[in-house]
Amino acid sequence: MKKILITGGAGFIGSHVIRLFVNKYPDYHIYNLDKLTYAGNLSNLTDIENKSNYTFIKGDITDEKFITELFTTISFDSVIHLAAESHVDRSILQPMEFINTNILGTAILLNAAKAIWKETQTAKNVFYHISTDEVFGSLGQEGFFTEETPYDPRSPYSASKAGSDHLVRAYHHTYDLPVIISNCSNNYGPNQFPEKLIPLMIHHIKNNKPLPVYGKGENIRDWLYVIDHARAIDTIFHHGTHGETYNIGGINEWKNIDLIYLLCNIMDKKLNRPDGTSAELITFVKDRAGHDMRYAIDPGKLQKTLGWSPSLQFEEGLSLTVDWYLENEGWLNEVTSGNYLKYYDQQYNKR
Ligand code: NAD
Ligand code: DAU
C-alpha cells in the first residue's frame with residue numbers, strides 16, 4: 001500500500017484533498033498530520049474518519065524530533081504538504097508564527113523526506129508542496145502570473161510561502177529530492193474558516209453584521225472552487241513532472257466590491273429578504289497594510305500539459321458555498337465559539 005503523508009489535512013483545502021484521496025484511492029493509506037490550530041478542525045472530516053485507509057496524527061511540523069521519528073517509523077512514500085499559517089491579515093499582526101511554520105516547518109519536512117529517501121529513492125517518492133500565487137506579488141490592470149513570473153512577495157505570509165518554495169526547489173537542485181510545487185489563486189467553498197473574505201461575508205450577512213470592505217473594494221482576486229483545486233492537486237501529484245511548478249487558477253477575476261454585491265444578491269434570495277437588504281450592511285474600513293492590488297493566474301501549462309480545467313462556474317460555486325454555510329450552522333458556531341477573532345476586533349472592529 002502506498003503511504004502518503006498529507007500535512008494540514010484538517011484545514012480548509014487539506015480536508016478536501018484528504019476526502020478525495022481517501023475515497024478515490026482505496027489502495028493508498030492516507031496519513032493526515034495536523035497541529036489543529038484555530039484553522040484545523042477534525043469535524044471537517046467526520047465522513048471519512050473511520051475509513052480503514054485513513055489515519056489522523058496530531059503533531060506540529062516545526063517539532064523536528066517528532067517529525068524525524070515519525071518519518072523513521074512510517075517511511076512515507078510521498079508527501080503532500082499543505083500545513084501552513086494561511087491568513088494575510090494575521091501575518092501582518094503575527095509574522096513570526098508564519099516564518100516558523102511556513103519556512104522552518106517546510107525545511108524540517110524536507111530534511112525528513114531527504115533522510116528516508118536517500119538510500120531507497122524510487123519513482124513513487126515525491127514531495128509535493130502546495131503554494132500560493134501571492135509569491136508573485138501584485139499585478140496592475142493587465143497581465144497574468146505564469147510559472148516564469150519572478151517572485152516578488154509583499155506580505156509576511158507571501159514572503160514565508162516564497163521562502164518555503166525556494167527551499168523546496170533548492171532541495172531538488174542540491175540533493176535531487178523529487179519535488180513538485182503548485183501555486184494556486186484564491187480558493188472558496190465549504191469548510192473555509194470565516195476569517196477569509198467569502199465565508200466572513202456570508203457569516204456577517206446572515207447575522208446582519210457590517211460587511212467590512214478594505215479600502216475602496218477595488219482589489220481583484222481570481223477565485224477557484226476548492227474541489228477544483230483538490231482535483232488539480234490529484235492530477236499534478238500523479239502526472240506532474242518532478243522539479244516543475246504548475247500554476248492553478250479559475251480564470252475568474254472579481255473586484256472585491258462586485259463579488260460582495262453578488263454575494264449579497266444571492267443571500268437576499270436564499271434568506272427571502274427584499275433585494276438590496278444585505279448590501280446595506282456594506283461598510284468601507286481601513287485598508288489592509290501593503291494590500292496587493294490584483295492577482296490573476298494563467299493556468300495554461302496545467303491545462304495544456306495535464307488536461308486539468310475548472311469544473312464549476314463561479315455563480316454555481318458561490319451558490320453551493322452559501323447553501324453549505326446556511327446548512328452547517330453548527331460547524332460555524334463551533335469554529336467561531338472561542339475568541340478566534342479577538343485580534344480582529346482590535347484591528348478592524350469587525351464584530
Ligand atoms: P488553513 O489555514 O485552512 O489550514 C491550514 C492547516 O494547517 C490547519 O489545519 C492547521 O491546523 C494546520 N497547521 C498550521 N500550522 C501547523 C503546524 N505547525 N503543524 C501542523 N499543522 C499545522 O489553510 P488553507 O486555506 O487550507 O491552505 C492550505 C495550504 O494551501 C496552505 O499552504 C496555503 O498557503 C495554500 N494555499 C491556500 C489558498 C487559499 O485560497 N486558501 C490558495 C493557494 C494556496
Ligand atoms: O491568492 C491566494 C491566497 O488567497 C492564499 O494564499 C491565502 O492563503 C488566502 O487567504 C487568500 O489570500 P487573500 O488575502 O487574497 O484572501 P482574503 O480572503 O483574506 O481576502 C480577499 C480579498 O478581500 C483581499 O483583497 C482583502 C479583501 N478583504 C478581506 C477580508 C477578510 C476585505 O475587503 N474584507 C475582509 O474582511
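Atoms within a ligand are numbered from 1 in the order they appear, just like the ligands themselves.
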Exercise. Show your working on ring-ring contact (aromatic ring centres under 6.0 Å, His included) between His129 and Phe127 and close with a plain yes or no.
Key: CA-CA 6 Å; His129 183 227; Phe127 188 105; 7.0 Å; no

Quiz item: Are Lys24 and Asp234 close enough, and set up right, to give a side chain to side chain contact (heavy atoms under 4.5 Å, CB included), and what steps lead you there?
Solution: CA-CA 10 Å; Lys24 188 170 171 186; Asp234 179 15; 2.6 Å; yes

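Counted by atom type alone, Asn44 and Trp331 present one or more donor-acceptor pairs between their side chains at under 3.5 Å. No side-chain N or O of Thr46 forms a donor-acceptor pair with one of Ser43 less than 3.5 Å apart. Side-chain contact annotation: Asn53 with Tyr28, donor-acceptor N/O pair under 3.5 Å absent. Between the side chains of Ser155 and Arg288, no donor-acceptor pair of N or O atoms lies under 3.5 Å.
Between Trp223 and ligand 2, no N or O atom pair is found at a separation short of 3.5 Å. Ligand 2 has an N or O atom lying under 3.5 Å from an N or O atom of His291, backbone or side chain. The distance criterion of under 3.5 Å between nitrogen or oxygen atoms is not met by Thr132 with respect to ligand 1. Every N/O-N/O distance between His229 and ligand 1 stays at or above 3.5 Å. The shortest N/O to N/O separation between Glu195 and ligand 2 does not fall below 3.5 Å. Annotation: Leu197 places an N or O atom under 3.5 Å from an N or O atom of ligand 2; distance criterion only. Note: an N/O pair closer than 3.5 Å links Asn186 and ligand 2 by distance alone.
Using a 4.0 Å cut-off between heavy atoms, Glu134 contacts ligand 2 through its side chain alone, with no backbone atom that close. The backbone of Ser185, and not its side chain, has at least one atom closer than 4.0 Å to an atom of ligand 2 (non-hydrogen atoms only; backbone = N, CA, C, O). Only the side chain of Leu200 comes within contact range of ligand 2, with a heavy atom under 4.0 Å; no backbone atom does.
Looking at Lys35, Lys58, Glu134, it is Lys35 that brings a heavy atom closest to atom 16 (C) of ligand 1. Of the listed residues (Asn191, Ile297, Leu82, Asn32), the one carrying the non-hydrogen atom nearest atom 31 (C) of ligand 1 is Leu82. Of the listed residues (Lys196, Glu218, Arg288), the one carrying the non-hydrogen atom nearest atom 19 (O) of ligand 2 is Arg288. Counting only non-hydrogen atoms, the option in Ala84, Gly8, Gly105 that gets closest to atom 5 (C) of ligand 1 is Ala84. Of the options Phe98, Tyr157, Tyr38, the smallest heavy-atom separation from atom 34 (O) of ligand 1 is shown by Tyr157.
Screening Glu244, Glu148, Glu147 for a salt bridge (charged side-chain N to carboxylate O under 4.0 Å, His left out) involving Lys301 leaves a single residue, Glu244.
Trp254 and Phe314 have tilted rings, their planes meeting at an angle from 30° to 60° on a 0 to 90° scale.
Among pairs with a residue in residues 249-263, those fulfilling salt bridge (Lys or Arg N to Asp or Glu O under 4.0 Å) read Glu253-Arg294, at least two apart in sequence or across chains.
Taking a cut-off of under 4.0 Å to the non-hydrogen atoms of Lys161, the atoms of ligand 1 that pass are 31 (C), 32 (O), 33 (C), 34 (O). Here is the list of ligand 2 atoms found below 4.0 Å of a heavy atom in Asn219: 25 (O). Near Val213, meaning under 4.0 Å from one of its heavy atoms, ligand 2 places the atoms 33 (O). Residue Gly40 approaches ligand 1 through these ligand atoms, each under 4.0 Å from one of its heavy atoms: 8 (C), 9 (O), 11 (O). Every atom of ligand 1 is numbered from 1 in the order shown, and the set under 4.0 Å from a heavy atom of Asp60 is 17 (C), 18 (N), 19 (N). Less than 4.0 angstrom separates some heavy atom of Ile130 from each of these atoms of ligand 1: 30 (O), 32 (O). Near Asn186, with a cut-off below 4.0 Å to any heavy atom, the atoms of ligand 1 are 40 (O). Below 4.0 Å from some heavy atom of Gly59 lie the following atoms of ligand 1, by number and element: 19 (N), 20 (C). Listed by number with element, the atoms of ligand 1 under 4.0 angstrom from any heavy atom of Cys184 are 42 (C), 43 (C). Residue-ligand proximity, Thr37 to ligand 1, at heavy-atom distances under 4.0 Å covers atoms 10 (C), 11 (O), 14 (C), 15 (N).
The cationic group of Lys114 lies under 6.0 Å from the six-membered ring centre of Tyr175 and within 45° of the ring axis, placing it in a cation-pi geometry.
At least one heavy atom of Cys184 lies less than 4.0 angstrom from ligand 2.
At distances below 3.5 Å, at least one donor-acceptor pair connects side-chain atoms of Asn183 with backbone N or O atoms of Thr132.
Atom 44 (C) of ligand 1 has as its closest protein heavy atom Ser131 O, 3.1 Å. For atom 42 (C) of ligand 1, the closest heavy atom belonging to the protein is Ser185 O, 3.3 Å. Of all protein heavy atoms, the one closest to atom 38 (C) of ligand 1 is Ile13 CD1, 3.6 Å.
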Can you give me every donor-acceptor pair (side chain of residues 97-105, partner residue at least two apart or in another chain, under 3.5 Å) with its distance?
residue: Asn100; atom: ND2; partner: Met96; partner atom: O; Å: 3.4
residue: Asn102; atom: OD1; partner: Glu85; partner atom: N; Å: 2.9
residue: Asn102; atom: ND2; partner: Glu85; partner atom: O; Å: 3.0
residue: Asn102; atom: ND2; partner: Ser160; partner atom: OG; Å: 3.0

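Shown here is Lys216, whose NZ atom has no more than 12 heavy atoms of other residues, nucleotides or ligands within 6.0 Å.
Close placement of the Tyr25 and His238 rings is indicated, their centers lying within 6.0 Å of each other.
Looking at heavy atoms from C-beta onward, Tyr54 lies out of side-chain contact with Arg19 at the 4.5 angstrom threshold.
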